[in-house]
Amino acid sequence: MPDPVYPHASRFGHRLRVCALYPDLMNIYADRGNLLLLERRCAWRSIGFEVTPAGLGDTIDPEAHDLFYLGGGQDRDQVLCARDLAEVKREALHAAAARDAVILAVCGGFQLLGHTYRLGAEEVPGIGLVDLHTVRGEGERLIGNIAIEVRLPGLEGPRVLAGFENHGGRTHLGPGERALGRVLRGHGNTGAGDVEGVRRGNVVGTYLHGPLLPKNAWFADWLIARAIGPHADLPALPDDLEHAAHAAARRAAGI
Ligand code: GLN
């Protein structure tokens with residue numbers, strides 16, 4: 001994980017301020033690698049980068065960060081974080097979303113963006129940032145490599161996100177809510193149907209681990225640009241390794 005403050009001199013006057021929510025508890029499948037990838041791609045472009053961890057009990061300032069990140073976790077850790085999110089951080093995250101900060105939530109984190117996560121008899125609270133709910137049914141876990149097709153503002157044509165999913169929960173989007181993408185291979189939100197994740201403006205939830213961003217560096221750049229603002233002009237990077245990682249993840253998913 002990067003140092004809490006990692007101030008690169010900024011050639012362009014840009015800086016990405018990240019808030020990492022529960023970096024120790026919500027870090028399954030090395031989801032923390034997503035932060036490392038963001039840090040490196042900013043550093044390579046001389047964009048300032050700082051990451052502030054926010055754990056149980058910590059309040060957060062919605063104005064102080066451009067991107068809020070919440071990874072996935074085991075059910076037990078997720079329940080701890082869910083209560084804290086709902087009681088301590090909910091209002092700040094709503095305020096952050098209202099000012100168009102980027103909120104990226106993976107798997108367990110994605111589930112907590114919604115209203116509730118029903119785990120047997122227990123109803124775990126979400127923060128209600130998007131209209132969805134998740135149910136941990138009796139069925140098998142939805143596990144495997146996955147690829148989805150996404151269309152994002154500012155990018156021409158459809159793109160592919162590839163990763164790995166492993167979730168017991170089935171996530172149901174409300175009628176007005178838009179998925180992040182269409183499943184090409186894999187299970188997606190419910191295992192029945194072809195939708196994966198959620199996106200409302202700059203709030204993004206997805207089941208893709210892997211970690212997500214090292215396998216999809218183009219998506220990391222989209223998030224950085226959305227977080228820094230419309231004037232962010234991100235110079236291209238020599239991405240041979242990143243393209244190879246993306247191609248390998250697509251091959252693993254069978255496309
Ligand atoms: N605990 C959640 C589930 O199984 C999320 C797991 C995860 O983050 N991989 O549905």
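In this chain, numbering begins with 1 at the start of the sequence shown. Read the numbers this way: they start at 1 and go in the same order the structure lists the ligands and their atoms.
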Q: With heavy atoms under 4.0 Å as the rule, classify the contact between Y117 and ligand 1 as side chain, backbone, both or neither.
A: side chain

Q: Regarding E196 and T206, is there a side-chain donor-to-acceptor distance under 3.5 Å anywhere?
A: yes

Q: Check each atom of ligand 1 against the heavy atoms of G168 and keep those under 4.0 Å away; list them by number with element.
A: 3 (C), 4 (O), 10 (O)

Q: What about Q78: any of its N or O atoms under 3.5 Å from an N or O on ligand 1?
A: yes

Q: Is the closest N or O pair between I28 and ligand 1 shorter than 3.5 Å?
A: no

Q: Would you sort out whether R200 and E177 count as a salt bridge (charged side-chain N to carboxylate O under 4.0 Å, His left out), showing the intermediate values?
A: CA-CA 7 Å; R200 187 195 290 184; E177 212 59 83; 2.6 Å; yes

Q: Return the CG to CH2 distance between D239 and W218, rounded to the nearest 0.5 Å.
A: 13.0 Å

Q: Measuring from atom CG of L37 to atom CG of L213, what distance do you get when rounded to the nearest 0.5 angstrom?
A: 5.5 Å

Q: Short list, please: which atoms of ligand 1 are under 4.0 Å from a heavy atom of N166?
A: 6 (C), 7 (C), 9 (N)

Q: By number and element, which atoms of ligand 1 are closer than 4.0 Å to a non-hydrogen atom of G72?
A: 8 (O)

Q: Ignoring angles and geometry beyond distance, decide whether G73 reaches within less than 3.5 Å of ligand 1 through its nitrogen or oxygen atoms.
A: yes

Q: Please find out if less than 6.0 Å separates the ring center of F164 from that of H209.
A: no

Q: Side chain or backbone, does G108 bring an N or O within less than 3.5 Å of an N or O on ligand 1?
A: yes

Q: Touching ligand 1 at all, Q111? Heavy atoms, strictly under 4.0 Å?
A: yes

Q: Tell me which protein heavy atom sits closest to atom 7 (C) of ligand 1, plus the residue, atom name and distance to 0.1 Å.
A: C107 SG, 2.9 Å

Q: When rounded to the nearest 0.5 angstrom, what distance separates CH2 in W222 from CZ in R159?
A: 11.5 Å

Q: If the threshold is 4.0 Å, N to carboxylate O, is there a salt bridge linking E50 and R17?
A: no

Q: Please test H115 against H133 for ring pair (Phe, Tyr, Trp, His ring centres under 6.0 Å), starting from the C-alpha separation and ending with a verdict.
A: CA-CA 5 Å; H115 302 298; H133 70 279; 7.9 Å; no

Q: Among all protein heavy atoms, pick the one closest to atom 1 (N) of ligand 1 and tell me residue, atom and distance.
A: D75 OD1, 2.5 Å

Q: Under 4.0 Å, counting heavy atoms only: does R141 come that close to any atom of ligand 1?
A: yes

Q: For G169, take its heavy atoms, then give the atoms of ligand 1 lying under 4.0 Å from any of them.
A: 3 (C), 10 (O)

Q: Should E122 and R83 count as an ion pair when the cut-off is N to O under 4.0 Å?
A: yes

